[in-house]
Amino acid sequence: MKKVVLTLAFACATSLLAADGASLYKKCAGCHGVNGEKTNFAKIQGLSKDTVVSKLNGYKNGQGGAKKGMMIPQVKSLNAEQIDALATVISKF
């Protein structure tokens with residue numbers, strides 16, 4: 001019985017995390033597209049989760065690419081769990 005409860009709890013937590021990532025991505029879609037397909041800023045479609053985490057952490061730490069002036073304010077308030085959830089969503093485009 002405990003295993004069933006733990007499994008269900010894990011499944012619920014995983015679902016909430018995925019939903020949080022999708023919710024977080026909504027503010028990204030304006031520039032990057034619904035599926036990360038827009039190229040006017042930076043196409044993020046097809047990036048691996050590790051790459052997205054690395055890029056977001058780079059911006060969060062004040063580093064990054066040519067668009068860092070736009071990206072730093074977008075990610076500075078994200079915590080590690082939110083970055084991971086967002087990267088999970090983006091990596092599935």
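All values below come from the heavy atoms of this structure, side chains included, with hydrogens, waters and symmetry mates left out.
Annotation for Ala22 and Val89: closest pair N-CG2, 3.5 Å, computed over non-hydrogen atoms.
Between Thr88 and Val52, the closest side-chain pair of non-hydrogen atoms is not below 4.5 Å. Two residues are said to be in side-chain contact when any heavy atoms from C-beta on lie closer than 4.5 Å; Leu56 and Met71 meet this criterion.
Screening residues 27-46 for salt bridge (charged side-chain N to carboxylate O under 4.0 Å, His left out) gives no qualifying pairs among residues at least two apart or on separate chains. Legend: ring pair (Phe, Tyr, Trp, His ring centres under 6.0 Å) pairs involving residues 70-93, not counting sequence neighbours, sorted by first then second residue: Tyr25-Phe93. Every pair passing salt bridge (charged side-chain N to carboxylate O under 4.0 Å, His left out) that includes a residue from residues 46-63 is listed here, sequence neighbours excluded: Lys49-Asp84.
Proximity of a side-chain donor or acceptor of His32 to a complementary backbone N or O of Ile44 within less than 3.5 Å is not detected.
Atom SG of Cys31 is separated from atom CE of Met70 by 4.5 Å, given to the nearest 0.5 angstrom. In this structure, CD1 on Ile83 lies 4.5 Å from CG on Asn57, to the nearest 0.5 angstrom. Atom CG in Leu86 sits 5.0 Å away from atom SG in Cys28 (nearest 0.5 Å).
The side-chain contact (heavy atoms from CB on, under 4.5 Å) search around Lys68 returns Tyr59, Ile72, not counting sequence neighbours. Residues meeting the side chain to side chain donor-acceptor pair (under 3.5 Å) test with Thr51, sequence neighbours left out: Ser48.
A continuous path of hydrophobic side-chain contacts links Leu24 to Val53 [ILVMFWY only; heavy atoms under 4.5 Å].
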